[in-house]
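Everything below concerns the one structure shown next.
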2 protein chains.
Amino acid sequence: MYDLPMRPFKHPPVSEFVLERLLYALSDPVRLEIVRHLDELGEASCGELDGGRPKSTMSHHFRILRDVGLVHTQTIGTTHMNSLRKDDMNSRFPGLLDAILVQKE
Amino acid sequence: MYDLPMRPFKHPPVSEFVLERLLYALSDPVRLEIVRHLDELGEASCGELDGGRPKSTMSHHFRILRDVGLVHTQTIGTTHMNSLRKDDMNSRFPGLLDAILVQKE
DNA sequence: ACTTAATTTCGATAATATTCGAACTATGGA
DNA sequence: TCCATAGTTCGAATATTATCGAAATTAAGT
């Protein structure tokens, strides 16, 4: 018998994206910073993006970003690689993420 | 001596708009509904937009919308006329408000 | 002046969120 | 198998926010 793979994260389908929740997710400075870094870097592990913050705090924020559909996380070995679901976001909310990400400060 | 006019609302200048606060303001369902109605109607008084909600609650939400720069309020007689500061928003955050307002649901 | 209408401010309560340490889980080596 | 690494989950403390009634404010009308 095969072992079940490590329980994958639930990434909501585009049809379940909710505008209010997305805006809320992006209204937190820590999360907006995460999203900006992911935009610059393309992808990054959770650990790379903590600014000295505890892991539990970061994990909390990543979960919110995943829940609203902004971030995709895949497990590679023991690290979780995160990236923005830009295409999905753009198909559901055209122009919105771009309009936010052009704001660099 | 002239009486001072009724203390006007403080409407922040465009330079003081803060992205995170704007996103936060729009992440509340009641406030997003207000903004959508203002977009449709062009302008409206506070009373026109309560959905049966208490006035103090509406006043709270309007203040937040004013504070982030989304809404302009002018006193006309005893009513407060509200409208969206679309041009100001667009100059500070190009495309952002539009990308949100095209989402009608 | 007095009254009404529209809204704001105050104060309290309830609901939500953020933060973070500690314990737990999964994966990859030694 | 034992250990280290990377994250997650749990639980509790703190902080923010939403909601709403009651009282205060402002302007207009009588």
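Proteins get letters first, then strands, A, B, ... in listed order; numbering begins at 1 in each. Below, each value reflects all heavy atoms present in this structure, side chains not excepted, and no hydrogens, waters or symmetry copies.
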Rounded to the nearest Å, what distance is computed from the CG atom of residue B:Asn82 to the C1' atom of nucleotide C:dT8?
13 Å
Looking at C:dT18, I'd like to know if its phosphate oxygens (OP1 or OP2) sit under 4.0 Å from a side-chain N or O belonging to A:Arg31.
yes
Hey, is the side chain of A:His61 poking within less than 4.0 Å of OP1 or OP2 on C:dT19, counting only N and O atoms?
yes
Can a salt bridge be assigned to the pair B:Lys86 and B:Asp39 using a cut-off of 4.0 Å between side-chain N and carboxylate O?
yes
Ignoring backbone atoms, establish whether A:Ser45 has a side-chain N or O less than 4.0 Å from OP1 or OP2 of D:dG7.
yes
Relative to the 5' end of DNA chain D, which residue comes earlier, A:Thr78 or A:His60, by the nucleotide with the nearest heavy atom?
A:Thr78
Give the nucleotide from the list C:dA6, C:dG28, D:dA18 with an atom nearest to the side chain of B:Lys55.
C:dA6
Can a side chain N or O of A:Arg66 be found less than 4.0 Å away from OP1 or OP2 on D:dT8?
yes
Under 4.0 Å: is that the gap between some side-chain N or O of B:Arg21 and OP1 or OP2 of D:dT16?
no
Closer than 4.0 Å, any side-chain N/O of B:Tyr24 to the OP1 or OP2 of C:dA17?
no
Residue mapping more 5' on DNA chain C - nearest nucleotide basis, A:Ile76 or B:Arg63:
B:Arg63
C:dT8 phosphate, OP1 or OP2: any side-chain N/O from B:Ser59 under 4.0 angstrom?
yes
